[in-house]
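Labels below follow one simple rule: chain letters A, B, ... track the order of the sequence lines, proteins then strands, and each chain is numbered from 1.
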Amino acid sequence: MIEIINRPKGTQDILPDEIELWHYIEETIRSLTQLYSFSEIRTPIFEATELFERSVGETTDVVQKEMYTFMDKGGRSVTLRPEATACIVRAYMENGMINQGAPRKLYYMGPMFRYERPQAGRLRQFHQFGIETIGSAHPTADFEVIEFSVALLRQLKLEETKLTINSIGCQKCRPQYREALKAYYLEKLNNLCEDCQRRYEVNVLRLLDCKVDKEATAGAPSILDYLCDECAEHFDQVKDLLVKASIEYEIDPRLVRGLDYYTRTAFEINTAALGGQSQILGGGRYDGLGEFLGGKPIPAVGFAAGLERIVMLLKKQRLDIEAEEGMLVSILPLGDAVFHHAFDFASRIRRRGIPVFVDVMNRNLSNRLKHAGRIGTRLAVVFGDNELEASIVTVKNMIDGSQAQVDAAYLEDYIEEKLELS
RNA sequence: GUGGUUGUAGCUCAGCUGGCAGAGCGCCUGACUGUGGAUCAGGUGGUCGCGGGUUCAAAUCCCGCCAGCCACCCCA
């Protein structure tokens, strides 16, 4: 007995039933990016492992334990991309896009891979959409990225979402805050959970969003009190722009980012409706990334959204996607002698831009009609020997059940007319 | 990676303290030899997640593994 092979853990088959929802999301994204003048960029799904080690940061979970890394046959270590920002910046530098003027506004959409324990809204292969505005250090760039993310969710008709923002400083002021935090937590260290004791050494900022030790965190110093003048001014301007655009937000000084390259603005959009994985979108400024990757410093800001989470939310909201106007014509030939005419009719109708299904099963009319009905046929073209001898076919309207004898020579005209009338 | 929980037909599930694997829906066929949706009848469909153990006998009890879900962790 040959064993049946199942899909790999943490992956998903997206079936035809669900694909309409994906198309709806993808089309909304493409039209909105166009309206905001973001251009699509496609980069490889795997990259040199070092790209992620250098950018995402070797202390993060993503690099330490979540990467799909393997040696190729040439002895190179490559990794399935766990996120795209590093890839985009790599491509930006490699292709000399810095010479194409600033800012360069890019977007991407595609699969990402992280070796994690799967859970609702968390998969090993998942899809992200993201935008990056590269080349501008100005707060208007931060604002535009945030504004776009809000507009996108509104356009998608996603309900009950909340925007949270923060500033996490820069390489100048963050170290001082880090020290202040360490000093604050030092005396409490023994009472903290195991994870937090580890975080204390690895990445103190992460202590802030620990769910176990909420009490200890309550009195912790706020990053906002440690921002340097430039960072504070930048943050003020971003907030001011948001207020003037009537975009509601909440400031959460404990909002930090897990990835090392983030600077200044950090933001997230969350929803209460999703359970454990509440974040549907997250991003911020990453002025440090260019240098991390061995290039010039390049100011940039962007975000990434999880498409599966958007799909889940929309399903939960039971959003009715307007079904495509049903235009399908089904051709139901009766008897071996007339099968070849079916394909001739089909080509002629398809040339008018009308979708056609040809029944390629050998079964009686009753079952052919049954199947035609279930796939959403609007008009069924039925014919056997007797019709074709008279050069006619029978066209049945599947919605009201009426039918007509039609001159086979003008079948496509009749169908076109019939579909446009209804 | 840690903890909890679940796994029986394509789907939803029943199957008691071990005793011949079931139902509804779906699918296929027929009633209707050329007319779908309704009705009725018949049929198809399962290594009971996988492997081992206990037993005369395991879907049922025990152990291990795999997978799903939930929470932690982390993030989109």
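Shown are A:L163, A:V238, A:I146; of these, the side chain to side chain contact (heavy atoms under 4.5 Å, CB included) with A:Y249 is made only by A:L163.
Contact annotation: A:Q279 side-chain N/O to B:C75 OP1/OP2 distance is not under 4.0 Å. Applying the 4.0 Å criterion to OP1 and OP2 of B:G30, one finds that A:N364 has a side-chain N or O inside that range. The shortest distance between the side-chain N/O atoms of A:S366 and the OP1/OP2 oxygens of B:C32 is not below 4.0 Å. Taking 4.0 angstrom as the limit, A:N367 places a side-chain polar atom (N or O) nearer than this to OP1 or OP2 of B:G30.
A:T394 and A:E387 form a side-chain donor-acceptor contact under 3.5 Å, judged by distance and modelled atom types alone. A:H138 and A:T140 are linked by a side-chain donor-acceptor pair at a separation below 3.5 angstrom, with hydrogens and angles left out of the test. Inspection of the A:T265 and A:D142 side chains reveals an N or O donor paired with an N or O acceptor under 3.5 Å. Side-chain contact of A:R30 with A:Y107: a donor-acceptor pair under 3.5 Å is present, judged by distance alone.
Atom CG of A:L158 is separated from atom CD1 of A:I310 by 6.0 Å, given to the nearest 0.5 angstrom. Distance check: A:I415 CD1 to A:K418 NZ gives 11.0 Å after rounding to the nearest 0.5 Å.
Using a 4.0 Å heavy-atom cutoff across all strands shown, A:G10 reaches sugar-phosphate atoms only and no base atom. At the heavy-atom level, A:A372 lies nowhere under 4.0 Å from the strands shown. Base contact: A:Q403 has a heavy atom under 4.0 Å from a base atom. Using a 4.0 Å heavy-atom criterion, one finds that A:E387 contacts the bases of the nucleic acid, with or without backbone contacts as well. Nucleic acid contact class of A:M112 (heavy atoms, under 4.0 Å, all strands): none. Base engagement by A:L123 is indicated by at least one non-hydrogen atom pair under 4.0 Å involving a base atom. Within the 4.0 angstrom heavy-atom criterion, only backbone atoms of the sugar-phosphate kind lie near A:L281; the bases stay farther away. Among the heavy atoms of the strands, none lies under 4.0 Å from A:G130.
For A:S167, the side-chain contact (heavy atoms from CB on, under 4.5 Å) partners at least two apart in sequence or on another chain are A:L224, A:L227, A:F235, A:R264. The side-chain contact (heavy atoms from CB on, under 4.5 Å) check on A:F339 picks up A:P333, A:D336, A:N362, A:R368, with sequence neighbours excluded.
The gap from the P atom of B:G53 to that of B:U60 amounts to 14 Å, rounded to the nearest Å. Remark: the separation of the C1' atoms in B:C28 and B:G68 is 31 Å, to the nearest Å. A distance of about 40 Å separates the P atoms of B:G43 and B:U54, rounded to the whole Å. Comparing the P positions of B:C20 and B:C25 gives a spacing of 26 Å, expressed to the nearest Å. Rounded to whole Å, the C1' atom of B:U12 lies 15 Å from the corresponding atom of B:U6. For the P atom pair drawn from B:G18 and B:C56, the interatomic distance equals 15 Å after rounding to whole Å. The C1' atoms of B:U8 and B:G4 are separated by 23 Å, rounded to the nearest whole Å. Here the separation of B:C27 from B:G46, taken at their C1' atoms, is 16 Å to the nearest Å.
Checking B:U35, B:C69, B:G68 against every side-chain atom of A:K396, the shortest atom distance belongs to B:U35. Distance from the side chain of A:Q119 is smallest for B:C72 among the nucleotides B:C72, B:U35, B:G1. Residue A:F126 has its side chain nearest to B:A76 when only B:A76, B:U35, B:U2 are considered. The side chain of A:R374 has B:G26 as its nearest neighbour among B:U2, B:U35, B:G26. Comparing atom distances between the A:K65 side chain and each of B:A76, B:C69, B:C73 picks out B:C73 as nearest.
The interatomic distance linking A:E116 (CD) with B:G68 (P) rounds to 13 Å, in whole Å. Distance A:M67 CE to B:G1 P: 16 Å, rounded to the nearest Å. Residue A:H371 contributes atom NE2, which lies 16 Å from atom P of B:G36 at whole-angstrom precision. Computed from coordinates, the A:R254 CZ to B:C74 C1' distance equals 18 Å when rounded to whole Å. Separating the CG atom of A:L365 from the C1' atom of B:G37 is a distance of 14 Å, rounded to the nearest angstrom. The nearest whole Å value for the distance from the CD atom in A:E268 to the P atom in B:C75 is 9 Å. At whole-Å resolution of the value, CG in A:N362 and C1' in B:U29 are 14 Å apart. Atom C1' of nucleotide B:C66 and atom CG of A:N6 are separated by 10 Å, given to the nearest angstrom.
Between A:F383 and A:I399, it is A:F383 whose nearest contact on RNA chain B lies nearer the 5' terminus. A residue-by-residue look at A:K370 and A:R114 shows that A:K370 has its nearest nucleotide of RNA chain B further toward the 5' end.
Contact check on A:E412 versus A:R348 returns a salt bridge, with a Lys/Arg side-chain nitrogen under 4.0 Å from an Asp/Glu carboxylate oxygen.
If you check distances only, the side chain of A:R309 does reach the base of B:C75 with a donor-acceptor pair under 3.5 Å. In this model, no side-chain donor or acceptor of A:R363 finds a partner on the base of B:U29 within 3.5 Å. For A:R7 against B:G68, no side-chain N or O and base N or O form a donor-acceptor pair under 3.5 Å. For a distance-only test at 3.5 Å, the side chain of A:R122 qualifies as a donor-acceptor partner of the base of B:C73.
A stem is defined here as three or more consecutive Watson-Crick or G-U pairs, each with both distances under 3.5 Å; for RNA chain B these stems are B:1-7 with B:66-72, B:10-13 with B:22-25, B:27-31 with B:39-43, B:49-53 with B:61-65.
Ring orientation note: the planes of A:F357 and A:H371 are tilted relative to one another, at an angle of 30° to 60°.
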